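Read through the structure below, which is laid out as structure tokens, and then see the notes.
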Amino acid sequence: VFSDAQQRQENQISAIRACIQQGVSVIALPPVVEDGWEAVLTEAHNAGIPVIIVDRSVSADPSLYASHIGSDMNLEGQRAAEEFNRQFPDGATILELSGTTGSGAAVGRAEGFREALNSNITILDSQTGTFTRAEALPVMQAWLQQYEVGVDFQGIFIHNDDMGIGAIEALSAAGVQPGDLFIVSVDGTRGGFQAMVDGWFQADVECNPLLGPQVAEMALALMNGETIDREVLTNETVYYPDNAAELLPSRQY
């Protein structure tokens, strides 16, 4: 049973309740936001249906779900901050294009970024682009009317590649050239690799979404009564423009 919730938590909750009514064996949930899951997870727990939290995290009591499998979003934010620290040892002013407000990915990346960012690097402005190209484009357009590239800000931290591509569209239309700004994105998608090849991104922090096979294995283990790990993290790294062209053809997403 598959349900596309269209990035809306209420749709995800309705889908979970429908799965409970159908008596499914296991539910896999990639939560669109962190909060607000206690009631429906309790319903699944009381029905004896284990829930695997996939990709992003939830703030609910861990006893209400079987496992979380995904990325360390806080670490991803820290890795992005380290790139800015290396690039701007004497300080800089940057913008942050954030993900969906309240989502585990946006919260974790923002917190980790701020924890690791040198004190002489200032975040001038932070706005959400809700992880989408369409939403990021107008945010970047508004910033370009409000701030001067290279003067008011020297870099941008972007929470995912899709928003990064929207930002590039706005930057390019405004006459900004690749390399005029130091841009670090998160994901490591084919689009992100192309942005590195084209000179727009100076680093791309990997967030590996290829979780399907691991989730399927975990679901089967749960159905067979096996013990599973409560927390499973994916292996991730940071990619750079110097080998982006070489690696691009082999990217799976």
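Remember, it's a predicted structure, so these values are computed and weren't measured experimentally. We're numbering straight along the sequence, starting at 1.
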Does atom [atom1] ([X]) have a neighbourhood of more than 12 heavy atoms from anything else shown, all under 6.0 Å?
X	atom1	answer
Glu226	CD	yes
Arg8	CZ	no
Gln22	CD	yes

Taking the basic N atoms (NZ, or NE/NH1/NH2) and the acidic carboxylate oxygens, is any pair closer than 4.0 Å for [X] and [Y]?
X	Y	result
Glu82	Arg79	no
Glu43	Arg17	yes
Glu96	Arg109	no

Look at the side chain of [X] and the backbone N and O of [Y], then say whether any donor-acceptor pair between them is shorter than 3.5 Å.
X	Y	value
Asn208	Glu236	no
Ser98	Ser126	no
Arg56	Ser103	no
Asp72	Asn74	yes
Glu206	Thr237	yes
Asn118	Ile121	no
Asn224	Ala221	no
Gln12	Pro30	yes
Gln202	Gly199	yes
Gln194	Arg190	no

Sub-4.5 Å side-chain heavy-atom contact between [X] and [Y]:
X	Y	result
Gln87	Val184	no
Val205	Tyr239	no
Leu220	Glu217	no
Ile94	Gln154	no
Gln214	Met218	no
Ile27	Ile20	yes
Val149	Leu181	yes
Glu83	Val238	yes

Within one Ile-Leu-Val-Met-Phe-Trp-Tyr cluster: [X] and [Y], side-chain cutoff 4.5 Å:
X	Y	value
Val58	Leu64	yes
Val197	Phe182	no
Val139	Trp200	yes
Leu233	Leu211	no
Ile123	Phe84	yes

Pairwise distance CD(Glu135) to OG1(Thr130) - rounded to 0.5 angstrom: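 Going from CD on Glu135 over to OG1 on Thr130, the span is 4.0 Å.
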
Under 3.5 Å side-chain donor-acceptor pair for [X] and [Y]:
X	Y	result
Glu76	His159	no
Ser59	Asp35	yes
Asp4	Gln6	yes

Heavy-atom pair of closest approach, residues [X] and [Y]:
X	Y	result
Asp55	Cys207	OD1-SG, 4.5 Å
Leu144	Ala174	CD1-CB, 3.7 Å
Tyr253	Asp187	OH-O, 3.5 Å
Asn120	Pro89	ND2-O, 3.1 Å
Val232	Ser67	CG2-OG, 4.3 Å
Val51	Tyr65	O-CB, 3.4 Å

Test side chain to side chain contact (heavy atoms under 4.5 Å, CB included) applied to Gln141 and Leu137, step by step: CA-CA 6 Å; Gln141 289 172 329; Leu137 176 61; 3.9 Å; yes

Using the rule given for side chain to side chain contact (heavy atoms under 4.5 Å, CB included), can you reason through Phe201 versus Asp161, listing the C-alpha separation, both sets of side-chain angles and the distance that settles it, and then say yes or no? CA-CA 9 Å; Phe201 291 176; Asp161 287 350; 3.7 Å; yes

Evaluate the side chain to side chain contact (heavy atoms under 4.5 Å, CB included) criterion for residues Leu171 and Ile183: first the C-alpha distance (whole Å), next the side-chain angles of each, then the deciding distance (0.1 Å), finally the verdict. CA-CA 12 Å; Leu171 290 165; Ile183 301 176; 4.0 Å; yes

Tell me whether the rings of Phe157 and Phe113 are parallel (<30°), tilted (30 to 60°) or perpendicular (>60°).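 Phe157 and Phe113: parallel rings.
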
For Asp125, all residues meeting side chain to side chain contact (heavy atoms under 4.5 Å, CB included), sequence neighbours excluded: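 In terms of side chain to side chain contact (heavy atoms under 4.5 Å, CB included), with neighbours along the sequence ignored, Asp125 is linked to Leu95, Gln127, Trp143, Gln146, Tyr147.
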
Check step by step if side chain to side chain contact (heavy atoms under 4.5 Å, CB included) holds for Gln9 and Val33. CA-CA 7 Å; Gln9 184 182 30; Val33 294; 3.5 Å; yes

